[in-house]
Amino acid sequence: MADRIPIALEEKFRRRLAFYQDIGIDLFYRDRFPQQTASAAEEITLPKPVQKPQPLKPVSATAQPAPKLNVLPRSPDVSLFESMNKIAGDSLPKILADIGDCTRCKLHRGRNKLVFGDGNPNAQLVFVGEGPGRDEDAQGLPFVGRAGKLLNQMIEAMGLQRKDVYICNVVKCRPPENRAPEKDEVEICSPFLLRQLDAIAPKVIVCLGSVAAQTLLETNRGISHFRGQWLDFRGRKLMATYHPAYLLRNPSAKGEVWKDLQKVMAVLGLQGKKAAPAVSSQSSGKSS
Ligand code: SF4
């Protein structure tokens with residue numbers, strides 16, 4: 001018959017077991033170990049507790065954290081957003097005056113007209129594109145080419161008119177050959193975009209295409225990773241979706257964009273039209 005363990009040690013085990021039960025652990029396995037002397041038993045570690053599986057708590061949709069996004073590498077001498085606080089009394093006319101006849105980046109060299117933005121300065125919804133294309137550069141207005149016509153259709157399908165929303169781009173001058181704006185150009189110009197968004201203070205920002213989305217979210221992830229999700233931008237709701245020019249080249253993506261816009265409509269309380277906007281299958285030139 002095995003020796004009884006000392007009373008003091010037994011009491012210690014009892015209190016430890018009660019502790020485990022208090023925290024929901026009441027199932028234990030006893031390790032096999034050789035017979036111990038009473039003095040050696042003092043050194044024995046307690047049996048390993050087995051954690052009872054706990055029921056999973058449902059997580060509400062609103063409690064879900066925003067997806068963790070990578071941060072774009074920044075030029076050390078240029079701070080995009082972190083150092084930019086909202087400027088008291090800022091306004092679109094003041095921002096436009098501050099831009100002036102801008103030569104801050106190399107895009108000014110090929111510019112015909114600077115394309116600042118267009119629409120309602122108090123809009124609840126702002127669309128942000130990449131940069132002006134040929135038509136926009138000629139007219140000084142954003143999204144006036146074929147992609148712009150499609151954007152107009154999308155806006156109308158949402159139950160709005162173009163004058164109800166505000167439309168602008170990450171860079172205000174046309175990149176040559178309709179290339180994507182380069183990192184230095186985005187870094188130099190995008191603080192003006194940030195000021196525009198702060199001045200308008202919309203309820204929802206829709207980024208059209210990866211350049212706008214990656215700029216505002218400061219991420220290098222592809223748009224397909226976060227398209228259609230609500231993301232936070234300085235306390236505002238941001239939705240990234242495909243650029244209308246992409247839809248002109250890939251009409252099959254129209255349905256995905258329409259789903260994204262329906263989420264925007266729900267937030268803004270818009271009924272919209274019944275049918276999704278028609279999309280031509282002809283190839284596009286570019287941009288906004
Ligand atoms: S793109 Fe922006 S920063 Fe560059 S020249 Fe035009 S307004 Fe200035």
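Each ligand, and each atom within it, is numbered from 1 in the order the structure gives. If you're wondering where the values come from, they're calculated on a predicted model, not measured in any experiment.
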- Below 4.0 angstrom from a heavy atom of Ile188, which ligand 1 atoms are there? Numbered from 1 as shown, please. 3 (S)
- Would you call Leu193 and Lys172 a side-chain contact if the rule is heavy atoms closer than 4.5 Å? yes
- Work out which heavy atom in Val186 is nearest to a heavy atom in Ser190; give both atom names and the distance. O-OG, 2.6 Å
- Which of the numbered atoms in ligand 1 are below 4.0 angstrom from a heavy atom of Leu114? 7 (S)
- In Å and rounded to the nearest 0.5 Å, what is the CZ to CG distance from Phe192 to Leu92? 13.0 Å
- Query: Trp230 and Lys263: which non-hydrogen atoms are nearest, and at how many Å?
  - Reply: CZ2-O, 3.5 Å
- Message: Counting non-hydrogen protein atoms only, what is the nearest one to atom 2 (Fe) of ligand 1? Give residue, atom name and distance.
- Response: Cys189 SG, 2.3 Å
- Item | Numbering as shown, the atoms of ligand 1 that approach Cys105 to under 4.0 Å (heavy-atom distance) | 1 (S), 3 (S), 4 (Fe), 5 (S)
- In the protein, which heavy atom is nearest to atom 6 (Fe) of ligand 1, and how far is it? Cys173 SG, 2.3 Å
- Of the non-hydrogen atoms in Lys86 and Arg234, which two are nearest, and what is the gap between them? N-NH2, 4.1 Å
- Task: Considering heavy atoms of the protein only, find what lies nearest to atom 8 (Fe) of ligand 1 and give residue, atom and distance to 0.1 Å.
- Result: Cys102 SG, 2.2 Å
